[in-house]
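For clarity, every value in this text was computed on a predicted model and none was experimentally measured. Just the heavy atoms: all of them, side chains too, but no hydrogens, waters or symmetry mates, feed the values below. In each ligand, atom 1 is the first atom listed, and ligand 1 is the first ligand listed.
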Amino acid sequence: MQEPIRLHSVAGSRSFRVLWLLYEMGLEPDVISYDIAGGDLRNPEFLGLSPAGRVPVLEIDGQVLFESGAITEYLCETRPEKGLAPMPGEAERAPYLTWLHYAETIGVLIQNLNLQQVFLPDPAMRSPTVIGIEVKRLAVSLKPLERVLGEQAYLLRRGFSAADTMMGFTLESARHYVRFDRFPRLSAYKARIEARPAYQRALEAEGLQQFYDREFYEVPEG
Ligand SMILES: N[C@@H](CCC(=O)N[C@@H](CS)C(=O)NCC(=O)O)C(=O)O
């Protein structure tokens, strides 16, 4: 009998990337949910799986993996028949790796903004200067996506891939800080990937996101 696949997850976090990819591959993980604000991720048991206390963590094939990009690469390399990534030596391998990791360049900007706008307990602790800079950096980092999506429907010319599962979730967070009407192609791409049955299923399985209590966060006056 095959061992169960276990995904350690926080709703609305980077673990969504992995859940969505697993569903795109037709795999059925058990989802173990944590409360990010409640200190769950600092439990010694969880720290034994993820040393920095971060999600996602995936238990699969007798191994424990953390880092969403590494998990994505591992899943695609061990299950090449799913056709969700160009393998070494195949066409578009370089842009695939580039976009897959670029999703974390954007992810870190969002993380900084989440810290400032969502997690700091007292608004007086926020830095309008830092928020303003990070929002600008986020908008700049979306521009290359707008350019590439003018020429193709997905991040790779060959079609939907795991670069999209890494990036797509990131865009859903980014729109809380940058207005997407400036990025019409990116908006169309976002709608296209979110309409996929596996994306919708992951949303349902994950439950309500725990991060945002409003549609858009303005840069505070300062
Ligand atoms: N580069 C890592 C980042 C993981 C990460 O920071 N995850 C966030 C949720 S999106 C987290 O677990 N944060 C908990 C904390 O910072 O305490 C990845 O892509 O997996």
Side-chain angles (χ1 to χ4, degrees), residues 5-25 29 31-61 63-78 84-85 96-121 125-126 130-131 134 137-138 141-142 145 155 161-178 193 199 202-203 205-213 217:
I5 300 171
R6 287 157 62 90
L7 175 66
H8 299 260
S9 154
V10 168
S13 82
R14 289 169 173 97
S15 47
F16 187 86
R17 292 168 168 164
V18 177
L19 186 57
W20 178 18
L21 178 59
L22 288 165
Y23 286 150
E24 291 282 356
M25 290 184 155
V31 178
I32 299 126
S33 298
Y34 296 82
D35 173 7
I36 197 168
D40 283 6
L41 301 181
R42 298 293 171 266
N43 287 340
E45 201 188 327
F46 182 71
L47 289 173
L49 299 173
S50 176
R54 307 281 183 109
V55 288
V57 171
L58 187 68
E59 296 182 66
I60 191 166
D61 305 335
Q63 305 189 75
V64 180
L65 288 95
F66 50 91
E67 286 292 330
S68 59
I71 295 170
T72 296
E73 288 195 49
Y74 176 85
L75 285 172
C76 292
E77 284 173 22
T78 52
L84 283 165
Y96 162 69
L97 290 174
T98 303
W99 293 126
L100 184 133
H101 291 282
Y102 191 72
E104 262 311 84
T105 292
I106 300 178
V108 168
L109 294 169
I110 292 165
Q111 183 173 301
N112 295 344
L113 286 163
N114 286 348
L115 178 67
Q116 291 272 337
Q117 295 277 50
V118 177
F119 289 114
L120 285 179
M125 297 163 91
R126 290 183 191 137
V130 171
I131 294 173
E134 292 295 74
R137 278 154 53 89
L138 179 57
S141 73
L142 296 176
L145 300 177
L155 292 174
S161 74
D164 298 302
T165 52
M166 278 293 287
M167 192 72 79
F169 151 78
T170 311
L171 299 180
E172 174 47 24
S173 305
R175 62 132 185 133
H176 290 282
Y177 298 118
V178 170
I193 53 178
Y199 184 101
L203 263 191
E206 197 186 50
L208 271 187
Q209 60 86 13
Q210 301 179 3
F211 290 80
Y212 307 109
D213 64 2
Y217 292 78

Exercise: do Ser68 and Arg17 side chains pair donor with acceptor under 3.5 Å: yes
Hey, does Phe169 have a side-chain heavy atom less than 4.5 Å from the side chain of Arg14? yes
For Tyr23 and Tyr199, I'd like to know if the aromatic rings sit close, meaning centre-to-centre distance below 6.0 Å. no
Are Tyr177 and Gln117 packed together at the side-chain level, in the sense that at least one heavy-atom pair is separated by less than 4.5 angstrom? yes
Side chains of Leu109 and Ser141 in contact at under 4.5 Å (non-hydrogen atoms): yes
List by chain and number: which residues place a heavy atom under 4.0 Å from ligand 1? Ser13, Arg14, Arg17, Ile36, Leu41, Arg42, Gly53, Arg54, Val55, Pro56, Glu67, Ser68, Glu104, Gln111
Acceptor/donor pairs from residues 44-56 side chains to any protein atom, 3.5 angstrom cut, sequence neighbours excluded:
{"residue": "Ser50", "atom": "OG", "partner": "Arg54", "partner atom": "N", "Å": "3.0"}
{"residue": "Ser50", "atom": "OG", "partner": "Arg54", "partner atom": "O", "Å": "2.7"}

